[in-house]
Amino acid sequence: MVNTIYLDNSATTKPLKEVMQAFMVVNEQYYANPASIHAMGVEANDLLIRAREQVADILQTEAKNVLFTSGGTESNNAAIFGIARSNTHIGKHILTTEIEHPSVLETMKQLEKEGYDVEYLRVDRRGVISLDELRTKIRKETILVSIMHVNNEMGAIQPIKEAAKMIHEMSRAAFHVDAVQSFGKLAISFKEEGPDCISISGHKIHGFKGSGVLAFRKPIRWQPFALGGGQEFGMRSGTVAVPQAVALAKAARLAVETMNERTNKYRQWHDEIRTQLESYGEAVHVLSTPQGAAHIVSFSVRDLKGEVIINAMQKRGVIVSTSSACSSKQTKTSHVVEALHLDEHYKKGVIRLSFGAHNTIEDIENFKQVLAEVMLELKGENK
């Protein structure tokens, strides 16, 4: 599409040129198996070691605690299954939230079938958990708490530091954080009080699909579920994709280096769009809050289906999404929307726009104009 304005960066991002270049160089020149002992294998392994060290430095942990995966879903699955299945000597109690990504919720459902006791923390209308509820639900036999940092559908930020302190003081549980939507947009690392393990996805930070990281604060009791040749310290067997690892490390470094500049820009755009949306009164309900992540704006148009709004915007060259890309093809209401107890008039019309490194101020100005046109066309709202 020509002159398309892409505002669906929470679904996936366009890889940066520097990241693509790094990926191509490794594929063309360092394609040997990093486990091979010949010179070419050693060269590939050196690149892998360097990429792991770069990610470890960013997250402030040791390189041996960084595993390269195929993305956020695998990282979340591996963290949850690995911790739960290796700590049954402590208990089988697990805590998570009702607005997690499906890669967490479906994993929890499987563990429930295996006899684990999973409890789901509620969220308020801002999409934020209650620390008081977390405190009352932590038990001595709690073995895992999994809480996403930023919600992928409406941008709610969870109080990760406060939760970590509470979890570690009150239990022996490991604290897993799905940071797929927050890494590179908000500060998160293992420094001081924080999570025990973090999931990251490459394609959310202008890297490549099929790449991710599961990182740990320190070695913990964890059961790998990919067995074979013993790669990745025996924790994730299979030939390591060195080009993806190098590209992810490059994308992660660029994301962190430019985070403050981009966040300030996103916050300004977020506030401008919120102001316009709020000017439509009851015709629009804004799900995202000023306290939420700057790169996500989520709203709903009264009595309109999200697909109608998306199609109207797409005809004008603007790409946005309904709710989460992982569930947008389903006809049922999003579990996040249900958890927010949104009025029935707004449940079907949830739209999410999300900013990325390639977006410009011109994109945002054009989006605001298109929004005005679409609202006039569909709702007769002239603002």
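Because the structure is predicted, anything quoted here is derived from the model rather than measured.
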Just checking Gln21: does its CD atom have more than 12 heavy atoms from other residues, nucleotides or ligands closer to it than 6.0 angstrom?
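Open.
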Polar contact flag, side-chain donor to acceptor under 3.5 angstrom, [X]-[Y]:
{"X": "Gln110", "Y": "Glu114", "value": "yes"}
{"X": "Glu100", "Y": "Ser146", "value": "no"}
{"X": "Glu98", "Y": "His335", "value": "no"}
{"X": "Ser298", "Y": "Glu153", "value": "no"}

Any pair counted as salt bridge (charged side-chain N to carboxylate O under 4.0 Å, His left out), so long as it reaches residues 256-268, sequence neighbours left out:
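Sorted result for residues 256-268: Arg253-Glu257.
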Do Phe367 and Trp269 have their ring centres less than 6.0 Å from each other?
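Ring-ring flag for Phe367/Trp269: false, centres at least 6.0 Å apart.
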Tell me whether the centres of the aromatic rings in His358 and His206 are closer together than 6.0 Å.
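For His358 and His206, the ring centres are under 6.0 Å apart.
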Going by the angle between their ring planes, with limits at 30° and 60°, are Phe355 and Tyr266 parallel, tilted or perpendicular?
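Taking Tyr266 first and then Phe355, their aromatic rings sit tilted (interplane angle of 30° to 60°).
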Evaluate Glu74 against Thr69 for side-chain hydrogen bond (donor to acceptor under 3.5 Å, both in side chains), listing each step before the verdict.
CA-CA 7 Å; Glu74 183 191 339; Thr69 70; 4.6 Å; no
Under a 4.0 Å N-O cut-off, is there an ion pair linking Glu307 with Lys348?
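No salt bridge links Glu307 with Lys348.
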Yes or no on salt bridge (Lys or Arg N to Asp or Glu O under 4.0 Å) for Arg50 and Glu53, after CA distance, side-chain angles and deciding distance?
CA-CA 5 Å; Arg50 196 177 312 156; Glu53 289 173 344; over 6 Å; no
With sequence neighbours excluded, tell me which residues meet ring pair (Phe, Tyr, Trp, His ring centres under 6.0 Å) with Phe175.
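With neighbours one apart ignored, the set is empty.
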